[in-house]
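To start, the structure itself, in structure tokens.
Both ligands and their constituent atoms are indexed starting at 1 by order of listing.
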Amino acid sequence: MSRLPKLRSTSPPTVHTISGPTLAVPSTITTRTNLKRKADTIEEEPGDGVVQEQPRRKIAALGTARPTRPLQPARAGAANGGRTASGSALPAPVPKPLTKPRAPAITRQAPRTRGTSAPPTQRPRPKPPSGAANRTRAAAGRNAGSRTGANSIDDELMTERANLASLRSQHDLIFAQLSESRALELNHRRELVGFSDEIEQLKKKHTGEIEELEERMQQRAKEMEDITEELRLCREDLERERENTTQLRVVIGEGETKVSELETQVSDLEGQNSRLRAQNAGLEASLAETRRQLSASDDKLSILKQEVVEAEFERRKLHNMVQELKGNIRVFCRVRPILPADALSNGQQLAIEDVAADIDYPNPDAETPNVIQLTSSTPAFSGAPRKETHTFTFDRVFPPQSSQEQVFEEIELLVQSVVDGYNVCVFAYGQTGSGKSWTMEGGSADGQAGMIPRAVEQVFRVAGEMKNRGWEYHIEGEFLEIYNETIHDLLTKDSDYDSSKKKHEIKHDPKTHTTRVTNITTVPLTTPSQVHTLLSLAHSRRSVAATLVNERSSRSHSVFILRIAGTHVGIPTEPGAPPTGGTGEKCSGCLNLVDLAGSERLNVSFANGSGPGGLPEKERVKETQNINKSLSALGDVIAALGDKYEREKSGKGEGHVPYRNSKLTYLLQNSLSGSSKTLMFLNLSPLAAHSGESLTSLRFATKVNNTQIGGAKKSGKS
Ligand SMILES: Nc1ncnc2c1ncn2[C@@H]1O[C@H](COP(=O)(O)OP(=O)(O)OP(=O)(O)O)[C@@H](O)[C@H]1O
């Protein structure tokens with residue numbers, strides 16, 4: 001709704017107030033005073049023709065008082081009944097001013113308006129009042145003679161005429177004002193139309209504004225709802241926060257209690273701290289004393305370490321002496337058990353007694369059973385077989401029931417010698433099928449491991465123990481075969497190792513007393529179990545080369561070489577720390593484990609010109625000759641070593657040792673001479689059928705056993 005006030009369509013009555021004052025035409029001649037007053041009154045009208053609105057004044061009547069006639073009755077006033085019953089003019093109602101500021105102040109123009117839009121009417125010129133003329137004529141009649149009186153009247157008449165002229169001019173002025181008022185009214189009407197349009201526009205504008213405002217109000221209402229919802233949530237949050245605050249206050253209360261408790265504890269601890277500081281001062285003094293003692297202990301420790309090194313050196317010396325006392329060449333005799341296959345003859349199972357050789361062990365319960373008796377039967381001239389018992393004594397005799405472990409116990413001290421830097425050679429000698437491979441390599445089941453895997457394990461064990469004494473070791477292995485006086489690498493990656501083009505030569509270093517084979521595969525050993533892989537590989541190589549009947553292993557020598565090199569690096573002062581106190585001493589040892597070819601004689605192998613395994617006789621003869629040659633060379637070397645020792649002992653000079661007579665003896669040169677230790681396993685067949693061959697082997701082994709090749713031989717050896 002528009003706030004503008006409604007405009008009245010009717011003209012304000014105030015515009016007619018100019019016509020309000022009643023001009024009374026004097027009908028009688030008034031006194032000079034009255035006329036003067038009237039003139040004064042007229043002269044009081046503003047010079048610019050603007051009639052003052054308030055207060056309304058009447059022009060005093062000229063002459064005698066009689067009812068005055070209004071010069072022009074106000075229409076609006078008449079229309080509104082604005083005249084009283086007595087004919088006096090009612091005051092015109094004051095128009096309400098337009099509140100719109102742009103509207104012209106109508107009231108200011110009011111004096112010029114006529115109060116009507118009608119054109120001003122031409123009023124007839126008023127005729128001189130007929131009564132006055134009559135009265136003048138009467139007076140002239142009565143006072144014809146009185147010239148003074150007549151002059152006076154003339155003057156008064158002149159005055160009245162002047163007044164009349166004045167009134168006329170006033171009348172004209174009023175009409176002019178009325179015309180202006182009408183023009184003004186027209187303008188006002190036009191303005192009114194403009195105002196109406198403006199009002200319409202404002203109405204439209206206001207309607208738009210109202211709609212906009214209503215829309216805004218709706219938005220505000222929506223916002224209000226949102227805010228109300230938010231407020232509700234905030235209140236809920238506030239409520240929760242209040243609860244939290246309450247809980248926190250409880251916690252704070254508890255915390256404060258704890259703080260006070262802790263403060264009490266802190267003060268207690270501070271007391272303890274000061275006591276501990278005092279104790280600490282005492283401890284520092286004792287620490288200084290302990291450090292002094294520790295320094296003294298360090299000095300003592302280095303002395304002890306030196307003593308340990310010296311003791312270790314002494315131990316090795318003594319150990320070597322023990323080994324030498326046992327003899328630098330030792331011979332162990334081992335008889336294998338009778339196998340089920342041994343009692344089979346042409347598909348027939350024979351009794352054990354019927355196939356067993358007559359072998360006896362005279363001192364089985366001795367601390368070291370070392371005697372073996374073989375009773376052989378030779379046909380006598382009388383026809384009855386002649387039995388002959390041969391007694392042999394060795395370093396140790398192992399009957400068929402001896403386990404691998406028992407056998408190894410006797411050689412494990414030799415392994416210690418290898419770790420100490422000595423060369424050791426262990427070889428198995430015996431006819432085919434006597435148990436050489438079993439002794440050296442053993443079986444795959446638990447407890448069946450032979451000397452090679454056990455020796456390797458022992459080397460690692462001893463090396464581990466020696467590490468605690470400041471020694472660090474590098475261990476590596478080689479496995480080769482000597483067949484027909486040719487060296488073959490059993491660990492080569494070539495599948496056909498037998499026909500390998502690689503040539504292997506034996507090289508000795510006289511300074512270090514070490515032996516190397518050229519182009520041989522050397523495998524670094526980091527764990528004892530690696531040796532099983534090497535043995536399996538060697539087996540697979542040899543089985544490929546084997547003939548149908550005759551296995552390659554029976555006709556060739558196999559040598560497993562274990563090299564160990566040690567350095568004294570010292571002992572770490574604490575775990576993870578580098579070792580200290582090492583002497584830098586170096587030692588290297590070599591363990592040769594040799595599985596010799598079958599030692600049986602050529603004449604028992606074949607007789608009809610065709611060798612076993614389908615080999616041509618020529619090849620077979622060559623093969624057997626090489627075996628015999630190398631085994632004979634071994635015996636010759638051992639005998640020469642004994643002879644050499646005797647000559648040296650008796651001062652007869654050095655004797656010659658024929659190492660070069662075979663590849664085998666040349667390879668084992670450094671392991672058979674000097675301070676090296678040699679152990680020979682004599683493997684015997686338990687079968688009666690092999691008694692002759694066993695006797696030959698026993699005699700050969702006895703020769704070896706009786707040989708002294710350095711150091712003291714133990715007493716009791718014959
Ligand atoms: N102490 C033993 N206990 C059980 N079985 C054994 C023992 N010694 C040898 N044998 C078995 O006797 C058989 C022959 O042994 P082995 O192969 O070791 O003889 P070898 O002398 O090496 O023969 P070759 O010269 O042909 O290689 C094998 O079957 C082996 O398992």
Would you sort out whether Glu505 and Lys507 count as a salt bridge (Lys or Arg N to Asp or Glu O under 4.0 Å), showing the intermediate values?
-> CA-CA 6 Å; Glu505 290 179 33; Lys507 303 276 183 189; 3.5 Å; yes
For the pair Arg336 and Asp342, evaluate salt bridge (Lys or Arg N to Asp or Glu O under 4.0 Å) and give the outcome as yes or no after the intermediate values.
-> CA-CA 11 Å; Arg336 76 162 173 85; Asp342 294 333; 2.8 Å; yes
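With ligand atoms numbered from 1 in the order given, ligand 1 contributes 21 (O) to contacts under 4.0 Å with heavy atoms of Gln431. Of all the atoms in ligand 1, the ones that sit under 4.0 Å from a non-hydrogen atom of Arg334 are 1 (N). Within ligand 1, the atoms closer than 4.0 Å to a non-hydrogen atom of Ser437 are 18 (O), 20 (P), 22 (O), 27 (O), numbered from 1 in the order shown.
Considering both main-chain and side-chain atoms, Gly435 comes within under 3.5 Å of ligand 1 through a nitrogen or oxygen pair. The distance criterion of under 3.5 Å between nitrogen or oxygen atoms is not met by Asp595 with respect to ligand 1. Residue Trp438 places at least one N or O, backbone or side chain, under 3.5 Å from an N or O of ligand 1.
Under the 4.0 angstrom criterion for non-hydrogen atoms, Gly433 is in contact with ligand 1. Using a non-hydrogen distance threshold of 4.0 Å, Leu339 registers as a contact of ligand 1.
Remark: the Thr391 side chain and the Gln373 side chain contain an N/O donor-acceptor pair separated by less than 3.5 Å. Side-chain polar atoms of Ser694 and Ser691 form no donor-acceptor pair below 3.5 angstrom.
Under the 6.0 Å cut-off for aromatic ring centres, Phe479 and Phe560 qualify, their centroids lying closer than that. The aromatic ring centroids of Tyr483 and His557 lie 6.0 Å or more from each other.
Proximity of Pro337 to ligand 1, defined as any heavy-atom pair under 4.0 Å, is confined to the side chain (atoms from C-beta onward).
Under the 6.0 Å distance and 45° angle rule, Lys436 does not count as a cation-pi partner of Phe681.
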